[in-house]
Amino acid sequence: VVYYKSVQFDNFKCAKKHQTFSEMPDSLTERKAVKRANKSGTRFIVHNTRQLTRVYPAGSRTDSSNYNPLDMWNVGCQIVALNFQTPGTEMDLYLGRFRDNGACGYVLKPDFLRDRNAQFNPKSIKDGKWRTTKKLHLMIIAAQQLPKENNSNNIIDPFVSVEVYGVARDCDRKQTNVINNNGFNPMWNEHFIFEIDVPTLAIVRFLVEDHDARTRNDFVGQYTIPLTSLKLGYRHIHLLNKNGDKLPSATLFVHSMLLDP
């Protein structure tokens, strides 16, 4: 059964005039999609209120690396394909996005990305119904039972990074101090504040790493979740490994508040 007919995509004007909702333009490589998003973000959003857009990684990614899916979601693209075989920040964001709806594989776009008279542009945030500025207060208190790298006998030196992804102006990253030789119950009690203009598009990533002064820091665990799904107050965050599976007993203890500025 064919539900959508694949047709050639020339430009937004031609698509609006000649293509029906049941016709899906040929899949776009990430480069073409990013170029259109940067050049005509609002027109791309309006286009995606009528038709589906599929984006896939560039063929030059011979190492199966990935691009940032948020750049495509922020202009309303519905089918954003990644190389699932490659773990990393991009796949964490991808899987984290769909925790918003019980990991069912479908998340309803915000209303300003479904408006056929859209004025929203993720590259140039102006006042509108999408701009509901909030301040996210996060206290990174402690962690419990962090795993050792490859089950080695080395004691880790953990630190926590909190990363916010969304529209360009909302992206930010803050980091705790390093706790030496304590992966069992390190304590930080460090407070961070993030100002977020478009909270409905924001995703928060908690990343725990093992500090190494001579080589690249080692990954310990992470958890990624949409800001709108973040439960406030005192919470234990159960960390995941690189493949998105739960790490037994490894948690972060945090306190969070979402306040008006």
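- Side-chain contact, R173 with S161: a donor N or O sits under 3.5 Å from an acceptor N or O.
- Side chain of T42 to backbone of F120: a donor-acceptor contact under 3.5 angstrom is found.
- One finds the CD1 atom of I179 at 11.0 Å from the CG atom of L146 (value rounded to the nearest 0.5 Å).
- Between the side chain of K109 and the backbone N or O of G76, at least one donor-acceptor pair lies under 3.5 Å.
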One pair to check against side chain to side chain donor-acceptor pair (under 3.5 Å): S124 and N121. What are the steps and the verdict? CA-CA 5 Å; S124 178; N121 185 343; 5.5 Å; no
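- Between F44 and F12, the angle of the ring planes lies from 30° to 60°, which puts this pair in the tilted group.
- Across G183 and P186, no two heavy atoms sit closer than the pair C-CD, 3.9 Å.
- A side-chain donor-acceptor contact under 3.5 Å links N83 to the backbone of S65.
- With hydrogens and angles left out, the side-chain atoms of N66 and T86 include no donor and acceptor closer than 3.5 Å.
- Sorted by first and then second residue, the salt bridge (charged side-chain N to carboxylate O under 4.0 Å, His left out) pairs with a member in residues 31-50 form an empty list; sequence neighbours excluded.
- No donor-acceptor distance shorter than 3.5 angstrom exists from the side chain of D157 to the backbone of V178, with no hydrogens or angles considered.
- M72 belongs to a hydrophobic cluster with V34, V55, Y67, L70, W73, V80, L82, F84, M91, L93, Y94, L95, F98, V107, Y165, I203, counting contacts under 4.5 Å between side-chain heavy atoms of Ile, Leu, Val, Met, Phe, Trp and Tyr, direct or through other members.
- In terms of heavy atoms, G41 sits closest to V75 at O-CG1, 4.0 Å.
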Side chain to side chain contact (heavy atoms under 4.5 Å, CB included) between L230 and L136: does it pass, once the steps are laid out? CA-CA 10 Å; L230 183 66; L136 174 62; 4.1 Å; yes
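- If you check the side chains of D71 and N74, you find no donor sitting under 3.5 Å from an acceptor.
- With hydrogens and angles disregarded, no donor-acceptor distance shorter than 3.5 Å links the side chain of E163 to the backbone of C171.
- The SG atom of C77 lies 12.5 Å from the CD atom of E30; values are rounded to the nearest 0.5 Å.
- Between L113 and L201 the shortest side-chain heavy-atom distance falls below 4.5 Å.
- Taking H191 as the reference, H137 meet the ring-ring contact (aromatic ring centres under 6.0 Å, His included) condition, with sequence neighbours excluded.
- Here L259 is tied into one hydrophobic group with M257, each link being a pair of ILVMFWY side chains closer than 4.5 Å.
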Would D115 and K129 count as a side chain to side chain contact (heavy atoms under 4.5 Å, CB included) if you check the C-alpha gap in whole Å, the side-chain angles of each, and the deciding distance to 0.1 Å? CA-CA 11 Å; D115 184 356; K129 56 186 177 181; 3.9 Å; yes
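- Closest non-hydrogen pair, L247 versus G221, comes out as CD1-CA, 4.0 Å.
- For residues 132-146, the salt bridge (charged side-chain N to carboxylate O under 4.0 Å, His left out) pairs, not counting sequence neighbours, are K134-D260.
- In this structure, the separation between CZ on F206 and CD1 on I140 is 5.5 Å, given to the nearest 0.5 Å.
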Does the pair I156 and N154 meet the rule for a side chain to side chain contact (heavy atoms under 4.5 Å, CB included), with working shown? CA-CA 6 Å; I156 67 171; N154 296 327; over 6 Å; no
Apply side chain to side chain contact (heavy atoms under 4.5 Å, CB included) to Q78 and N48, showing your working. CA-CA 8 Å; Q78 300 90 345; N48 285 326; 3.8 Å; yes
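- At a threshold of 4.5 Å between side-chain heavy atoms, the hydrophobic network of Ile, Leu, Val, Met, Phe, Trp and Tyr places L28 and I45 in one connected group.
- When all heavy atoms of F219 and N241 are compared, the pair lying nearest together is CE2-C, 3.8 Å.
- The side-chain hydrogen bond (donor to acceptor under 3.5 Å, both in side chains) pairs that include a residue from residues 216-231 are D92-Q222, D100-S229, Q222-T224, where partners are two or more places apart or lie in different chains.
- There is a path of hydrophobic side-chain contacts, each under 4.5 Å, that joins I225 to I237.
- Residue pairs meeting the side-chain hydrogen bond (donor to acceptor under 3.5 Å, both in side chains) criterion with at least one member in residues 242-255, sequence neighbours excluded: Q144-T251.
- Although no hydrogens or angles enter the test, the distance criterion places no donor-acceptor pair under 3.5 Å between the side chain of E90 and the main chain of P69.
- When hydrophobic clusters are built by joining Ile, Leu, Val, Met, Phe, Trp and Tyr residues whose side-chain heavy atoms come closer than 4.5 Å, directly or via intermediates, L252 is grouped together with L258.
- The CZ atom of F194 lies 11.5 Å from the CG atom of D170; values are rounded to the nearest 0.5 Å.
- Between P147 and L239 the shortest side-chain heavy-atom distance does not fall below 4.5 Å.
- How far CD of Q145 is from NZ of K148: 12.0 Å, rounded to the nearest 0.5 Å.
- Distance check: D210 CG to I155 CD1 gives 11.0 Å after rounding to the nearest 0.5 Å.
- When hydrophobic residues (I, L, V, M, F, W, Y) are linked wherever their side-chain heavy atoms come within less than 4.5 Å, I193 remains an isolated member.
- Follow the hydrophobic side-chain contacts under 4.5 Å out from I125 and you never reach I196; the two are in separate clusters.
- Formation of a donor-acceptor pair under 3.5 Å by the W188 side chain with backbone atoms of N177 is found in this model.
- For V167 against P122, the heavy-atom pair with the smallest separation is CB-O, 3.8 Å.
- Among residue pairs with one or both ends in residues 190-201, those qualifying as salt bridge (charged side-chain N to carboxylate O under 4.0 Å, His left out) are R131-D197, R169-D197; sequence neighbours excluded.
- When all heavy atoms of V204 and V162 are compared, the pair lying nearest together is CG1-CG1, 4.0 Å.
- Listed by chain and residue number, W130 satisfy the side chain to side chain contact (heavy atoms under 4.5 Å, CB included) test with Q119 (two or more places apart in sequence, or in another chain).
- For the side chain to side chain contact (heavy atoms under 4.5 Å, CB included) test, residues two or more places apart in sequence or in another chain that qualify with N189 are I141, M187.
- No single ILVMFWY cluster, assembled from side-chain heavy atoms under 4.5 Å apart, contains both Y234 and L138.
- Connectivity analysis of hydrophobic side chains (ILVMFWY, heavy atoms under 4.5 Å, direct or indirect) links Y106 to L108.
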